[in-house]
A.B. asks: 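There's a structure below that I have some questions on.
Bear in mind the structure is a predicted one, so any value in this text is a computation, not a measurement. The sequence lines fix the lettering, A, B, ..., with proteins before strands; numbering per chain opens at 1.
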Amino acid sequence: MLKLFNTLTGRQEVFEPIEPNKVRMYVCGVTVYDYCHIGHARSALVFDVLRRYLESCGYNVTFVKNFTDVDDKIIKRANEHRVSCDAVTTKYIQAYHEDMGKLGVRVATEEPKATEHIADIIQLTERLVAKGLAYAVEGDVYFEVAKYQEYGRLSKRRLEDLQAGARVDVDERKRHPMDFALWKSSKPGEPAWESPWGLGRPGWHIECSAMSMQHLGETFDIHGGGMDLIFPHHENEIAQSCGATGKEFARYWVHNGFVQINQEKMSKSLGNFFTIREIFEKSAWSEEVTGEILRYFLLSTHYHSPVDFSDQALKEAKQALNGFYDLFNRLNEPSRSSGGDRDALQAAVERTRKSFGQAMDDDLNTSAALAAFQGLRSEVNKLLGPGLSAEDQRRVREEFRALGNNLGLFQLDRWDFNVRIEPQPAHLVLTTFAPTVTIEAAMTNAQIEAKLAERIDAKKCKDFQRADAIREELRSLGITIEDKPDGTSRWKR
RNA sequence: GGCGCCGUACCCAAGUGGUAAGGGAGCAGUCUGCAAAACUGCGAUGCAGCGGUUCGAACCCGCUCGGCGCCUCCA
């Protein structure tokens, strides 16, 4: 039984969908005016995992994630670069898919854009005006927060408190300082659509209400996003949606915590952010990072807590993954035993399934879930001492893959994520590791195998100096050799 | 001023009333030609501090200290 922390009630609650076996969820995506940073990655990842887990629990999940493709920041960016808004949004939507693809974030069921739903937005705005919850002034339309009695119930704020703390310049035309724009009149040269209030464009909050209603209905199961969206974005969505329909909007509100740098929120305004691609492209980071490493790192903390991003944290994630792929390499090798302790293996697998499920059911406790994997890794390593049958080796590898799929981990065939980038072009070989990056490797697999064969010969002749030299040569290229008891060796990048 | 979050070993991190998971690093050992990997052993008498409730508290309550977030665009 999955329990989720619901921001709306401030409690953990058992998740029960409106329709049995069906889950409808909406997550606020990004405003496409720049590359995504790790904070965006975390949010996307958390809900990707939630979606995967719900699916593996047997639910049919409709997952909607929007792109905000009309916005002040986009207009600003377009003007700066003297290109159209469309050029900006197209570029960054594509970049989003590339970056998230490398992270192994699956594409949502629907990924609507605000500009594709202008008619729905206008309709919803008209509905709010007709109900007396919104008013038009000089081509702008505002939602009147005082008319929605429950305003503040998500963020646990009272209108009076907000008023006291408001630091914004008050627009004289607004009836209440917290009233927010549903529709904005446009200046010449800005993207604009015909509306009952003249040429204009939608405000930020209304698009999510319009699109979620369109794709998921007036009431749906889960609404997610980053903590910073609780107020005012999600609060406003609730006001708009519930105001218009008179029905509950979303039943479970799930919010992920921030990625921090040195204990501080990572954000554009603080200038302390890292984009996903700069991490993949190495830049300041001394070691190569793949999607799976970043994924492992981000999942090693519970989604609700802040997670501190650092070079060391990334290294630790990488090391932890190394351990798993070392085991998978062993499991991929020919079995040395026909029997092995099958019962013990079966028991370990069942224990892991159970603790993994319990961890995930407990508000997606991914750190505990990873601990379950670590436990299995240790037990299987022990059982591999005496040896396991070929079938058991295959089965337990599949178990890691199947269970790991919930987290988007352990899907690669072999440990190829530690590829070293060598500066000599003559040796460069492009290697692709879906769902990771394409990077340049110093040696092809065949070249490595040849070196390995050479070294095994040297070892047979007791020419350890030669054997060590070859090992050292490969090591300098980032390739590690492990000798097995039978005289052969395995290697990894 | 209002609302809220966090503080667990050298590091990361679970646990939220029943007597401190897990991982990494470190040290010692087994194995190995040497390594690597794996395995074994060692590591918080204590969970920021101080009080309180309780048979029992890291977990509940109060206060204090330290760090952070939201109230303005923000994942």
A.B. asks: With RNA chain B as reference, determine whether A/D308 or A/H304 sits nearer its 5' end, using the nearest nucleotide of each.
C.D. replies: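 Looking at RNA chain B, the more 5' nearest nucleotide goes with A/H304.
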A.B. asks: A/L154 CG to B/rC3 P: how many Å, rounded?
C.D. replies: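 Those two atoms, CG and P, are 17 Å apart.
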A.B. asks: Starting at atom NZ of A/K484, determine the distance to atom P of B/rA37, rounded to an integer number of angstrom.
C.D. replies: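 Rounded to whole Å, this separation is 16 Å.
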A.B. asks: Partner of B/rC70 by Watson-Crick or G-U wobble geometry, both contacts under 3.5 Å, or none?
C.D. replies: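 Paired with B/rC70, as far as the under-3.5 Å criterion goes, is B/rG2.
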A.B. asks: What is the pairing partner of B/rC39, taking Watson-Crick or G-U wobble pairs with both distances under 3.5 Å in any strand?
C.D. replies: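 Paired with B/rC39, as far as the under-3.5 Å criterion goes, is B/rG29.
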A.B. asks: Please state the C1' separation for the pair B/rA44 and B/rG22 - nearest whole angstrom.
C.D. replies: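 The same atom, C1', in both gives a distance of 15 Å.
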A.B. asks: Would you indicate, yes or no, if B/rA75 has its OP1 or OP2 atom less than 4.0 angstrom from a side-chain nitrogen or oxygen of A/K265?
C.D. replies: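 Negative; the distance criterion is not met.
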A.B. asks: Applying the Watson-Crick and G-U wobble criteria at under 3.5 Å, what pairs with B/rG46? Answer none if nothing qualifies.
C.D. replies: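 With both distances under 3.5 Å required, B/rG46 matches none.
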A.B. asks: Under 4.0 Å, heavy atoms only, any strand: does A/I481 hit a base, just the sugar-phosphate, or nothing?
C.D. replies: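 Answer is base: heavy atoms of A/I481 come under 4.0 Å of a base.
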A.B. asks: Side chain of A/E316 only, please: which of B/rA75, B/rA36, B/rG24 is the nearest?
C.D. replies: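 Selected nucleotide: B/rG24.
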A.B. asks: Can you tell me which nucleotide in B/rA14, B/rC71, B/rA75 comes closest to the side chain of A/R157?
C.D. replies: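 Selected nucleotide: B/rC71.
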A.B. asks: Mark yes or no for a side-chain to base donor-acceptor pair under 3.5 Å between A/D228 and B/rG69, with no hydrogen or angle criteria applied.
C.D. replies: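 Result: no qualifying N/O pair found.
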A.B. asks: Just call it for A/R466: base, sugar-phosphate, or nothing, with non-hydrogen atoms closer than 4.0 Å on any strand.
C.D. replies: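 No contact at all - A/R466 keeps every heavy atom at 4.0 Å or more from the nucleic acid.
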A.B. asks: Which label fits A/F324 and A/F410: parallel for a plane angle under 30°, tilted from 30 to 60°, or perpendicular past 60°?
C.D. replies: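 Aromatic pair A/F324/A/F410 classed tilted.
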A.B. asks: To the side chain of A/F258, which of B/rG69, B/rC34, B/rG23 is closest?
C.D. replies: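 The answer is B/rG69.
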A.B. asks: Identify which nucleotide among B/rA75, B/rC3, B/rA14 has an atom closest to any side-chain atom of A/H302, counting heavy atoms from C-beta outward.
C.D. replies: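 The listed nucleotide nearest to A/H302's side chain is B/rA14.
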A.B. asks: Regarding A/E237 and A/Y26, do their side chains bring together a donor and an acceptor under 3.5 Å, going by distance alone?
C.D. replies: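 No.
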A.B. asks: Does A/G257 reach a base, just sugar-phosphate, or nothing at all? Heavy atoms under 4.0 Å.
C.D. replies: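 It contacts base atoms.
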A.B. asks: Using the P atom as the reference point in each nucleotide, state the distance between B/rC42 and B/rC3 in Å, no decimals.
C.D. replies: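 Their P atoms lie roughly 50 Å apart.
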A.B. asks: Pick base, sugar-phosphate or nothing for A/K73, based on heavy-atom distances below 4.0 Å to the nucleic acid.
C.D. replies: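 Result for A/K73 = sugar-phosphate.
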A.B. asks: Whole angstroms only, please: what is the CE-P distance between A/M266 and B/rA75?
C.D. replies: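 Between P of B/rA75 and CE of A/M266: 11 Å.
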A.B. asks: Would you indicate which nucleotide in B/rC73, B/rC71, B/rG33 comes nearest to any side-chain atom of A/D483?
C.D. replies: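 Minimum distance to the A/D483 side chain belongs to B/rG33.
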A.B. asks: Counting heavy atoms from C-beta on, name the nucleotide in B/rC34, B/rG15, B/rG23 closest to the side chain of A/N365.
C.D. replies: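 Minimum distance to the A/N365 side chain belongs to B/rG15.
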A.B. asks: Looking at the side chain of A/R377, which of B/rC71, B/rG23, B/rC34 is the nearest nucleotide?
C.D. replies: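 Of the candidates, B/rG23 comes closest.
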A.B. asks: A/N381 CG to B/rA37 C1': how many Å, rounded?
C.D. replies: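 Those two atoms, CG and C1', are 8 Å apart.
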A.B. asks: If you look at every strand shown and take non-hydrogen atoms under 4.0 Å, does A/G225 touch a base, only sugar-phosphate, or nothing?
C.D. replies: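 The answer is sugar-phosphate, as A/G225 gets under 4.0 Å only of primed atoms, P, OP1 or OP2.
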A.B. asks: Between B/rA13 and B/rA25, how far apart are the C1' atoms? Round to whole Å, please.
C.D. replies: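 Result for the C1' pair: 14 Å, nearest Å.
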A.B. asks: Does any non-hydrogen side-chain atom of A/V30 lie less than 4.5 Å from one of A/Y96?
C.D. replies: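 In contact.
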A.B. asks: Would you say a side-chain N or O of A/S300 is under 4.0 Å from OP1 or OP2 of B/rC12?
C.D. replies: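 Indeed not, no polar side-chain atom of A/S300 lies that close.
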A.B. asks: Determine the contact category for A/G39: base if any of its heavy atoms lies under 4.0 Å from a base atom, sugar-phosphate if only primed atoms, P, OP1 or OP2 are that close, otherwise nothing.
C.D. replies: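 It contacts base atoms.
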A.B. asks: Is a side-chain donor-acceptor pair under 3.5 Å present for A/S335 with A/S389?
C.D. replies: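 Result is no, nothing qualifies.
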A.B. asks: Heavy atoms only, 4.0 Å cut-off, all strands: where does A/K382 land among base, sugar-phosphate and nothing?
C.D. replies: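 Sugar-phosphate, backbone atoms only, no base.
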A.B. asks: Mind checking A/D362 for me? I need base, sugar-phosphate or nothing, with any heavy atom below 4.0 Å counting as a touch.
C.D. replies: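 Answer is sugar-phosphate: A/D362 comes under 4.0 Å of backbone atoms only.
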A.B. asks: Pairing donors with acceptors under 3.5 angstrom, does anything connect the side chains of A/Y53 and A/D361?
C.D. replies: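 Present: a donor and an acceptor within the cut-off.
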A.B. asks: Measure from the side-chain heavy atoms of A/Q312 and tell me the nearest of B/rC11, B/rA35, B/rA38.
C.D. replies: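 Nearest listed nucleotide: B/rC11.
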A.B. asks: Taking the P atom of each, how far is B/rA75 from B/rG56, in whole Å?
C.D. replies: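 Approximately 49 Å lies between the P atom of B/rA75 and that of B/rG56.
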A.B. asks: Using a 4.0 Å heavy-atom cut-off, does A/V259 contact any base of the nucleic acid, only the sugar-phosphate backbone, or nothing at all?
C.D. replies: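 Base contact - A/V259 has a heavy atom under 4.0 Å of at least one base atom.
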A.B. asks: Knowing that exactly one of A/R394, A/R377, A/R353 qualifies, which makes a salt bridge (Lys or Arg N to Asp or Glu O under 4.0 Å) with A/E399?
C.D. replies: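 Single pass found, and it is A/R353.
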A.B. asks: How far apart are the closest heavy atoms of A/A368 and A/A359, and which atoms are they?
C.D. replies: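 Smallest interatomic distance, heavy atoms only, reads CB-CB, 3.7 Å.
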A.B. asks: Any idea which of B/rG23, B/rA75, B/rC73 is nearest the A/N256 side chain?
C.D. replies: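 Shortest atom-to-atom distance from the side chain points to B/rA75.
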A.B. asks: Would you say that A/Y151 contacts A/N236 through its side chain, given a criterion of any heavy-atom pair below 4.5 Å between the two side chains?
C.D. replies: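 In short, these two side chains touch, coming nearer than 4.5 Å.
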A.B. asks: Check every atom of B/rA37, B/rG33, B/rA13 against the side chain of A/E482 and return the nucleotide holding the closest atom.
C.D. replies: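 The listed nucleotide nearest to A/E482's side chain is B/rA37.
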A.B. asks: Taking the same atom, P, in B/rG24 and in B/rA20, what whole-Å distance lies between them?
C.D. replies: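 Looking at atom P only, B/rG24 and B/rA20 are 23 Å apart.
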A.B. asks: Name the pairing partner of B/rA20, where a pair is Watson-Crick or G-U wobble with both distances under 3.5 Å, or state none.
C.D. replies: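 Because no pair has both required distances under 3.5 Å, B/rA20 counts as unpaired.
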A.B. asks: Classify the nucleic acid contact of A/F231 as base, sugar-phosphate or nothing, counting any heavy atom under 4.0 Å across all strands shown.
C.D. replies: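 If one applies the 4.0 Å heavy-atom cut-off, A/F231 turns out to touch the sugar-phosphate alone, with no base involved.
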A.B. asks: Could you give the CZ-to-C1' distance, from A/R490 to B/rU32, as a whole number of Å?
C.D. replies: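 After rounding, the reported distance stands at 13 Å.
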A.B. asks: Provide the Watson-Crick or G-U wobble partner of B/rC60, both distances under 3.5 Å; none if there is no partner.
C.D. replies: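 Partner of B/rC60: B/rG52.
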A.B. asks: Quick one: on RNA chain B, does A/Q260 or A/H40 contact a more 5' nucleotide (nearest heavy atom)?
C.D. replies: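 It is A/Q260, whose closest nucleotide lies nearer the 5' terminus.
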A.B. asks: Can you check whether A/S367 has a side-chain N or O nearer than 4.0 Å to OP1 or OP2 of B/rA14?
C.D. replies: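 Answer is yes, contact under 4.0 Å.
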A.B. asks: Separation of A/Q319 atom CD from B/rC11 atom P, in whole Å?
C.D. replies: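 Checked: the CD to P distance equals 17 Å.
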A.B. asks: Can you tell me the base-pairing partner of B/rC65? Count Watson-Crick or G-U wobble geometry only, both distances below 3.5 Å, and say none if there is no partner.
C.D. replies: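 Partner of B/rC65: B/rG7.
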A.B. asks: When rounded to the nearest Å, what value does the distance between P atoms of B/rC59 and B/rU53 take?
C.D. replies: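 One P to the other, the span is 15 Å.
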A.B. asks: Does a distance-only test, which skips hydrogens and angles, find a donor-acceptor pair under 3.5 Å between the side chain of A/R471 and the base of B/rA35?
C.D. replies: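 When only heavy-atom distances are counted, A/R471 does reach the base of B/rA35 through a donor-acceptor pair under 3.5 Å.
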A.B. asks: Is there side-chain contact between A/R295 and A/V105, with heavy atoms separated by less than 4.5 Å?
C.D. replies: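 A/R295 vs A/V105: side chains touch.
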A.B. asks: Given the P atoms of B/rG18 and B/rA57, what is the spacing between them in whole Å?
C.D. replies: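 Nearest-Å result for B/rG18 against B/rA57 at atom P: 12 Å.
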A.B. asks: Just how far, in rounded Å, is C1' of B/rA37 from CG of A/L474?
C.D. replies: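 After rounding, the gap between these two atoms is 17 Å.
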A.B. asks: In whole Å, what separates the P atom of B/rC73 from that of B/rC50?
C.D. replies: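 B/rC73 and B/rC50 have their P atoms separated by 43 Å.
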A.B. asks: Report yes or no: is the cationic atom of A/R397 (NZ for Lys, CZ for Arg) closer than 6.0 Å to the six-membered ring centre of A/F328, at no more than 45° off its axis?
C.D. replies: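 Yes, A/R397 lies over the aromatic ring of A/F328.
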A.B. asks: What integer distance in Å separates A/Q358:CD from B/rA21:C1'?
C.D. replies: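 So the two atoms are 13 Å apart, to the nearest Å.
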